[in-house]
Amino acid sequence: MMAGDGLLVRVRPPLGRLTIAQAAGLAEAARRHGNGLIDLTNRAALQIRGVTEPGHRPLLEQLIALDLTDPDPARETRHNLVLTPDWSTGDDTENIARSLLAALDRLPDLPAKIGIAIDAGPAPGLTHVPADFRIERSATGTLLLRAEGHALGASTSAETAVQDLIALSRWFLATGGALSGRMARHKAPLPLTSGVAPASPRPLQQLLAQAPGPFHGIAFGQLDADSLAALTEQPGVTALRLTPWRGLILEGGLANPGHALSDPLLRVDACPGAPACPQASVATRDLAARLAPLVEGALHLSGCAKGCARPKPADIVLTGQDGRFDLARKACAGSPPETAGLTPDQILALLGKS
Ligand code: SF4
C-alpha cells in the first residue's frame with residue numbers, strides 16, 4: 001500500500017520467526033529497495049517502509065527467495081496468522097500453524113483484515129491481540145476454536161483444528177461475513193456447538209518468561225535495517241521471533257539490549273510525524289519520548305487528525321494542527337480538544353504537573 005514515505009510492504013514470516021539469514025536478508029532488502037525503516041505491527045508482522053515503485057518487484061523477488069513471502073499472491077493473502085511467540089518445537093501451536101500453512105489452498109479468501117490467532121500454549125496469551133478466529137486452550141487443557149465476539153468456543157483438537165477453522169471460515173463467507181468485514185461484527189448464529197470457555201489469559205510477563213530468549217522492546221515499534229542486522233549478531237542469538245507487543249524475542253539470546261517490557265516508552269503510540277509524513281505539521285516522536293514517563297496510561301501523539309498510530313482512544317491524545325498540538329483526554333486523534341494550540345514546552349509543563 002502507498003504511505004507518505006513510499007510503498008509499504010508487509011512481510012509475514014512463516015511461524016512469526018526470522019532465521020539469522022532471513023533477518024540479515026530482510027535488512028539488506030529494506031536498505032536497497034526501501035528507506036531502511038522497518039515497522040513491527042500489532043499482529044506480529046513487519047512492514048518495510050519507503051519502497052520505490054521500481055524497487056517493488058525486485059523486493060518481492062528477494063523476499064520470495066528468502067522464503068519470507070509466498071510466490072502465490074492468493075496464498076500470501078491468506079497467511080494472516082499470529083502465533084503465541086513462546087511456542088516450542090513440536091507443541092500444538094507449532095503443529096497447528098504448520099498444518100494451516102500447508103492447507104492455505106483450502107482456506108477461502110477472507111476479507112483483508114480477518115486474522116487467525118494460534119494461541120495453543122498452556123493458556124491464552126493473545127486475547128488482546130486483534131484476531132477473528134482463535135485456537136485456544138481451555139482450563140482443563142483441551143483445545144477450542146473460538147470466534148471473536150463470543151465468550152465460548154467449540155471443542156477441537158490438534159488434529160482437527162485446521163479442518164474446523166476452514167469450515168468456520170466457509171460459514172463466515174456463506175452467511176455474509178464479507179459484508180461485516182470482521183467476525184466481532186458478524187451477527188449470524190454460529191454453526192458450531194459453542195460450549196467451551198478459554199482458560200484465564202496468561203499475564204504477558206509470564207508468557208514472555210516462557211519464551212526462548214529475552215524480549216527486546218523497540219520504541220514506537222520501528223527500527224532501522226542496521227539495528228535489525230545488529231540484533232542477529234548479539235551473543236547466542238539463533239533467530240528472531242516477532243511479537244505483537246512492539247518487540248522481538250531474541251531466540252537463544254543472553255541479554256536484552258533494548259527496552260524492557262516495563263519501559264513507559266513502549267506504552268506510547270506516535271506516528272512518524274513531520275518531516276517523515278507530508279500530512280504532519282508537527283514532530284512527534286522526540287516529544288513522545290519526553291512525555292512517556294510523565295503520563296500514566298495510554299498516550300498518543302498524532303501528526304494530524306488521521307490518527308494512523310492508534311485508531312482507538314488513549315488516556316491522553318495530542319493531535320498536530322497548524323504546527324501546534326490539541327490535547328484531549330480519553331479520546332481519539334482529531335477529537336474535540338480540551339486545550340488547543342499548545343507548544344511542546346506548554347505540554348511538558350501541563351502534563352508534568354498532572
Ligand atoms: S497520523 Fe497523519 S501525520 Fe501521522 S502518519 Fe498518519 S497521516 Fe501522517
Side-chain angles (χ1 to χ4, degrees), residues 1-11 30 33-53 55-56 59 112-113 130 181-182 217-225 227-228 244-247 264-292 294-295 297-348 351:
M1 74 184 84
M2 184 54 79
D5 54 356
L7 288 167
L8 195 63
V9 174
R10 190 163 297 150
V11 185
H33 302 296
N35 61 13
L37 294 177
I38 299 160
D39 295 330
L40 310 178
T41 79
N42 65 353
R43 291 188 180 203
L46 297 163
Q47 291 177 163
I48 299 177
R49 300 200 67 98
V51 177
T52 59
E53 297 271 3
H56 184 224
L59 171 62
K113 288 198 186 298
R182 299 300 303 269
I218 295 166
F220 312 118
Q222 186 175 83
L223 74 172
D224 60 35
S227 304
L228 178 64
W245 303 297
R246 293 189 188 161
L265 205 47
L266 297 190
R267 285 202 314 264
V268 181
D269 294 291
C271 74
C277 177
Q279 294 183 54
S281 65
V282 288
T284 49
R285 288 188 169 163
D286 284 351
L287 178 59
R290 294 172 72 192
L291 291 173
L294 305 179
V295 175
L299 170 66
H300 179 192
L301 275 85
S302 187
C304 78
K306 201 167 166 194
C308 298
R310 186 182 172 100
K312 57 188 182 184
D315 294 293
I316 303 266
V317 60
L318 293 156
T319 306
Q321 170 82 16
D322 299 331
R324 295 198 170 207
F325 288 94
D326 291 350
L327 184 150
R329 294 178 197 263
K330 310 267 182 224
C332 296
S335 298
E338 176 185 294
T339 314
L342 293 166
T343 64
D345 284 343
Q346 287 170 324
I347 296 165
L348 283 160
L351 296 181

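When a ligand or atom number is given, it counts from 1 through the structure's own listing order. What you see is a predicted model, and the numbers here were worked out from it, not measured in a lab.
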Within a distance under 4.0 Å of any heavy atom of Gly307, pick out the atoms of ligand 1 and give their elements.
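Once the distances to Gly307 are compared, the set is 1 (S).
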List, one per line, each side-chain donor-acceptor pair under 3.5 Å for residues 317-328, sequence neighbours excluded.
unit_1 : atom_1 : unit_2 : atom_2 : d
Thr319 : OG1    : Gly334 : N      : 3.1
Arg324 : NH1    : Gly341 : O      : 3.2
Asp326 : OD1    : Gly341 : N      : 3.1

Look at the side chain of Arg246 and the backbone N and O of Leu266, then say whether any donor-acceptor pair between them is shorter than 3.5 Å.
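It does hold such a pair.
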Spatial distance of atom CD1 (Ile316) from atom NE2 (His300) [nearest 0.5 Å]
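These two atoms lie 13.0 Å from each other.
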Go through it in stages, so that I can follow the logic: the residues are Arg329 and Asp315, the test is salt bridge (Lys or Arg N to Asp or Glu O under 4.0 Å), and I'd like the CA-CA distance, side-chain angles, deciding distance and then a yes or no.
CA-CA 5 Å; Arg329 294 178 197 263; Asp315 294 293; over 6 Å; no
Counting C-beta onward and ignoring hydrogens, is there a side-chain heavy-atom pair between Leu8 and Asp39 closer than 4.5 Å?
yes
Measure the shortest side-chain to side-chain distance between Leu299 and Arg267 over non-hydrogen atoms and say whether it is less than 4.5 angstrom.
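Contact flag for Leu299/Arg267 side chains = no.
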Closer than 2.8 Å to atom 8 (Fe) of ligand 1: how many protein N, O or S atoms are there?
1
